[in-house]
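Taking it in order: structure first as structure tokens, then the write-up.
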2 protein chains.
Amino acid sequence: MTEADIALRPPTVGEHEAYCAVERQLAILLRRARTFSAGMGRKVHPELDPGAYGLLVRIDQSSPMRSSDLAAYLRVGRATISRQLKVLEELGLISRSPDPEDGRAHLLALTAEGRRRLDDARSAREGQLRTLLAAWPEEDVRLLGRMLERFNMLTEGMHP
Amino acid sequence: MTEADIALRPPTVGEHEAYCAVERQLAILLRRARTFSAGMGRKVHPELDPGAYGLLVRIDQSSPMRSSDLAAYLRVGRATISRQLKVLEELGLISRSPDPEDGRAHLLALTAEGRRRLDDARSAREGQLRTLLAAWPEEDVRLLGRMLERFNMLTEGMHP
DNA sequence: CCATTTGGTTGCCCGAAGCAACGATCAGAT
DNA sequence: ATCTGATCGTTGCTTCGGGCAACCAAATGG
């Protein structure tokens with residue numbers, strides 16, 4: 001039975017409850033997403049706007065990369081990425097050098113300053129997360145991380 | 001040791017990795033949140049804008065309620081809620097009746113049409129989720145739901 | 001009876017994202 | 001070798017969600 005078939009087969013009662021719970025909790029989380037990530041970002045570095053953080057993380061772990069790869073990874077248009085990268089370059093956090101193998105593309109990389117700011121932001125966010133998750137045993141924190149990672153992987157192969 | 005103390009105590013290497021993983025995956029999910037929830041919402045009911053769904057869910061499970069409660073629950077200002085509720089009322093999905101116990105407040109409730117649309121949207125979203133999670137055993141789906149619920153509960157007690 | 005607080009609405013602004021159009025470049029077919 | 005189509009990135013325009021501040025109406029407390 002293929003995955004598509006599984007999706008078409010009518011759900012059992014237990015499955016229905018399980019999916020419904022995920023759907024409900026995901027709706028809450030995504031609805032609060034703006035406020036939440038704004039709150040994480042604002043306290044960290046005022047000049048580093050909340051959205052920029054996600055870009056720096058990805059550039060850090062996959063540089064050198066092109067901006068269209070970044071757009072695909074974050075599921076947003078190239079226009080959005082282009083504008084945000086311009087700001088980051090003006091702040092001196094990233095560098096855009098022409099791709100030697102493709103005259104159209106630019107290669108992105110963190111500058112030394114960019115890496116420093118990213119590390120600062122990351123540890124500050126980790127601190128906020130530690131405060132939030134203070135009551136959880138380490139094993140549960142690890143489990144949450146794994147489940148989120150698995151879920152995020154599911155949305156990897158989507159191209160709008 | 002209080003929770004605040006735990007948050008202040010320097011993390012062990014294992015804790016650091018665990019928090020770092022959550023932080024990274026959460027950043028990805030929140031960065032994709034707009035596109036993702038837009039994708040969930042667009043296919044469901046074109047006239048029912050993505051943001052409205054979260055409101056209807058909450059009104060459904062806690063009606064009758066006041067709009068400021070809704071704002072607090074979703075961590076957004078009363079202004080935002082007010083505007084979105086106006087649209088929902090014009091579409092005939094909710095009713096705003098004056099609170100008999102407080103002349104300033106309005107009580108929110110789903111209309112019959114609102115409930116019908118909500119059920120449609122919910123089952124459509126559940127279907128999309130089933131497609132996405134088709135490869136997961138039911139037990140993992142259930143676990144994801146529980147972990148998200150626990151995480152969301154942590155952010156309950158926050159009022160900006 | 002007046003002052004302060006609270007619930008809700010509206011005006012104005014901002015940031016993020018999509019769409020469309022454009023210039024530049026690459027790649028494949030003739 | 002050139003022409004055609006596809007791709008990379010940028011910019012202008014628009015939309016939408018949300019915050020802030022001002023405001024009104026109603027409640028609460030002295």
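Labels below follow one simple rule: chain letters A, B, ... track the order of the sequence lines, proteins then strands, and each chain is numbered from 1. Just so we're clear, the structure is a prediction, and the values are computed from it rather than from any experiment.
- Side-chain to base pairing of Arg104(A) with dG9(D): no donor and acceptor N or O lie closer than 3.5 Å to each other.
- If you measure from atom CG of Leu85(B) to atom P of dT10(C), you get 12 Å, rounded to the nearest angstrom.
- Here Arg32(B) does not reach the OP1 or OP2 of dA17(C): none of its side-chain N or O atoms lies under 4.0 Å away.
- Because its NZ or CZ atom is not both nearer than 6.0 Å to the ring centre of Phe36(A) and within 45° of the ring axis, Arg75(B) does not count as a cation-pi partner of that residue.
- At least one side-chain nitrogen or oxygen of Ser68(A) sits closer than 4.0 Å to the OP1 or OP2 atom of dG9(D).
- Phosphate contact (OP1/OP2 of dA17(C), side-chain N/O of Thr35(B), threshold under 4.0 Å): absent.
- A side-chain N or O of Arg32(B) and one of Thr155(A) form a donor-acceptor pair less than 3.5 Å apart.
- For the pair Gln84(B) and dG18(D), the criterion of a side-chain N or O lying under 4.0 Å from OP1 or OP2 is met.
- The residue among Arg78(A) and Gly77(B) whose nearest nucleotide of DNA chain D lies closer to the 5′ end is Arg78(A).
- The shortest distance between the side-chain N/O atoms of Ser82(B) and the OP1/OP2 oxygens of dT9(C) is below 4.0 Å.
- Nucleic acid contact class of Ala105(B) (heavy atoms, under 4.0 Å, all strands): sugar-phosphate only.
- The CD1 atom of Ile28(B) sits 12.0 Å away from atom CZ of Phe151(A), with the distance rounded to the nearest 0.5 Å.
- Considering only side-chain N and O atoms, Thr80(A) lies nowhere under 4.0 angstrom from the phosphate OP1 or OP2 of dA16(C).
- Whole-Å rounding puts the Asp49(B) CG to dA17(C) P distance at 18 Å.
- Residue Lys86(A) places at least one side-chain N or O under 4.0 Å from the OP1 or OP2 atom of dT11(D).
- When the side-chain nitrogen and oxygen atoms of Arg96(B) are compared with OP1 and OP2 of dT9(C), one or more of them lie within a distance under 4.0 Å.
- By the 6.0 Å contact criterion, CD on Glu101(A) is open, its count of non-hydrogen atoms from other residues, nucleotides or ligands being 12 or less.
- Remark on DNA chain D: of its neighbouring residues Arg31(A) and His106(A), the 5'-side contact belongs to His106(A), judged by nearest-heavy-atom nucleotide.
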